[in-house]
Asker: 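My questions all concern the structure below.
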Amino acid sequence: MNRSSKWDDKTIESHLKRLPKIEDKQNKELLYEKIQERLQEGEVKQRKKKGWFVPTVASAAVLFLLLLLIPSFFNEQDMTLEEPEMMKEEAGMMMDVESNLEEEAPSITSEELFKTEEATDSSEPFYIGALHPSNEDSLRQNLITFAVPAHYPTGELVIPVTTVGEHSSLLENFLAIKNSFNGHRWGIGSFPQIEINSIIEEKGGIAIIDVPANSLESLSSAEDRIYSLALKETFSAQQNFSVIRFTSDGEPGVFWGQNGPLTEIELQDELNRGYYVFTSDTNHKFLVSGKIVDAPFNDSSSGDISLAETLELMKQSNLEQGYTASIPEHVEITNVEQSSDTATITFAEGTVTEDNVDNLIMIEAMMFAAKDFGHFYVQFEGIDLDQIGPYQVKELQVIPNYMNFLQ
Amino acid sequence: MVRNRQIAEELVQEAYIKVFNSYSSFKGDSSEKTWLYSIARHVGVDWIRGQNRKKRKFLGIFELSEKEYQIRDEEPLPDEIVVGQEEMKEVYKMLGKCTLDQQQVIILRYIESLSITETASILGWTESKVKTTQHRALKALKDLLSVEEQTELKEVGK
């Protein structure tokens, strides 16, 4: 009998869950005594430390001076370009062996992947893809997602985009980017001109935005909608916020255009309406939420729809609302299964056969749609390819967190 | 799970000392539970890094309780208990061969039953890194267990 099939994921997970909880069984009184002893030992050690403190500082100073002096000798030598590069790489490898073993080489982003197309033919659609999950960790301190307006022939909508800021604090990054970002290159707008005195993060996921008194009083009805959508999408994207609360020069509330007094905007929205494609004047394609573009059934009275129903809706286009389908109409989805962490989406055989932009848009839109249903992974079945864009589609996909990543 | 009760207990004491010394700096950004886990994890990781130089193996901060390998299923058949215990021993053994990051994720997610958000907060990682590492850890365990199984089968066949 072949036992090799014994170890599947479920069996392993089940065994892991049944391993006993880790417990500390030390007697409380004894533990207290030991801690006291160690605290006293610590104090003695600290006193002893002072004995070698001065020599250590002196050695450090000598090393520092050597570090300053040695490079100047090298600078005077005529060195080839390759050699130092190789040395640098080798040193890097030695220093970071453990992390290299753990982390796979970062996958290329979809923007990098299709850059060639943009360079060779500017009329070719160019998809602004998501940031691949394998690249998130190295950038996460500086990543900022915010929403900017974009025009289509009959209206305006907002698009969440992600970029790398210069600050490590989210709110500092937002305040800097909101003034400096210019989306002209991608055919989208800049962040609305909302004057902000300060933003404070309060416990319970509350962002308190303070604006100058009366600065938003004269908003037009179009601005009114876009400004609130942009703020809502921006702060919803940060995940840790659930409410935006406004103050005007420290006083509660703000006068918001024709809507009048406004104290807060709720960010929690239970509707899951999938993702569609917006194409800008410069032929850049972005994913946009169905909640923003008035996708079908986009009101709370329609109630919840399933992931399978959402994916079917994502095959529809509505140019009057500024969006097109993210899933090509000919794509047949034969089954959608949902477990706690994973959504499994099965395509009819022969439906997805090419590694192209349309299919990349489709799988990213599907993953983000599944994420709104609380899933962390998507397993695609029935794809006759190993890879679409940067995704190894036969493997379990970790759902990305940042769509429309602008580099 | 240092696989040495004495060391584990010393590390617990060290963790308590760190908690005692740094409680005033606890800002309340995370829950006390994740803060405590985070301190314990740092103590454990510091210890491992020290031990790595001496080529010693580590599996975590604490010793597994006396109920080690005991199955919690309701009234399994006797032969199922034997097989189950053997399999759990194998899983536990192979867990020790995973990378440090993988072990930490497995312990927090499966043994301590913490959520992805809590695990990310304790480890100071993004949620996506937790998910990726968890996925890789399960894959690594699966590979290690399969290799072990094949080796055992070969030995039996000799």
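Every heavy atom of this structure was used, including side-chain atoms; hydrogens, water molecules and symmetry mates were not. Chain letters run A, B, ... following the sequence lines, proteins first, then strands; residues in each count from 1.
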Asker: Hey, which residues of residues 137-145 of chain B are touching chain A, say heavy atoms under 4.5 Å apart?
Answerer: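 Only B:Leu138, B:Leu141, B:Lys142, B:Leu145 of residues 137-145 of chain B have a heavy atom under 4.5 Å from chain A.
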Asker: Any sub-3.5 Å donor-acceptor pair from B:Tyr110's side-chain atoms to A:Ile12's backbone N or O?
Answerer: no
Asker: Can B:Trp125 and A:Asp137 be said to form a side-chain contact (heavy atoms from CB on, under 4.5 Å), step by step?
Answerer: CA-CA 8 Å; B:Trp125 298 351; A:Asp137 288 322; 5.5 Å; no
Asker: I want to check something: taking the side chain as every heavy atom from C-beta on, are A:Trp7 and B:Glu87 in contact at a cut-off of under 4.5 Å?
Answerer: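 Yes; the side chains approach each other to less than 4.5 Å.
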Asker: How many angstroms lie between atom CZ of B:Arg109 and atom CD of A:Glu13, to the nearest 0.5 angstrom?
Answerer: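 Going from CZ on B:Arg109 over to CD on A:Glu13, the span is 9.0 Å.
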Asker: Taking atom CD of A:Glu166 as the centre, report whether more than 12 heavy atoms of other residues, nucleotides or ligands fall under 6.0 Å from it.
Answerer: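 Atom CD in A:Glu166 is not packed in, count stays at 12 or less.
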Asker: Quick check on A:Tyr32: does its OH atom have over 12 non-hydrogen neighbours (other residues, nucleotides or ligands) under 6.0 Å away?
Answerer: no
Asker: Can you tell me how far the NZ atom of B:Lys131 sits from the OG1 atom of A:Thr342, to the nearest 0.5 Å?
Answerer: 10.5 Å
Asker: Within this structure, what is the CD-CD1 distance for the pair B:Glu14 and A:Ile35, rounded to the nearest 0.5 Å?
Answerer: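 One finds 11.0 Å between CD of B:Glu14 and CD1 of A:Ile35.
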Asker: Taking atom OH of B:Tyr16 as the centre, does the number of heavy atoms from other residues, nucleotides or ligands within less than 6.0 Å exceed 12?
Answerer: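 Incorrect, the count does not exceed 12.
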Asker: Can you tell me how far the CD atom of B:Glu90 sits from the NE2 atom of A:His15, to the nearest 0.5 Å?
Answerer: 8.5 Å
Asker: What part of B:Gln134 is in contact with chain A, defined as an atom under 4.5 angstrom from a non-hydrogen atom: side chain, backbone, both or neither?
Answerer: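 Looking at B:Gln134, just its side chain touches chain A.
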Asker: Atom CG of A:Leu19 and atom CD of B:Glu112: how far apart are they, to the nearest 0.5 Å?
Answerer: 11.0 Å
Asker: Between B:Ser128 and A:Glu136, is any side-chain donor less than 3.5 angstrom from a side-chain acceptor?
Answerer: yes
Asker: Is chain B contacted by the side chain of A:Tyr377, its backbone, both, or neither, given a heavy-atom distance below 4.5 Å?
Answerer: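 The side chain, not the backbone.
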Asker: Tell me the closest heavy-atom pair linking B:Met88 and A:Arg18, and the distance in Å.
Answerer: CE-O, 3.3 Å
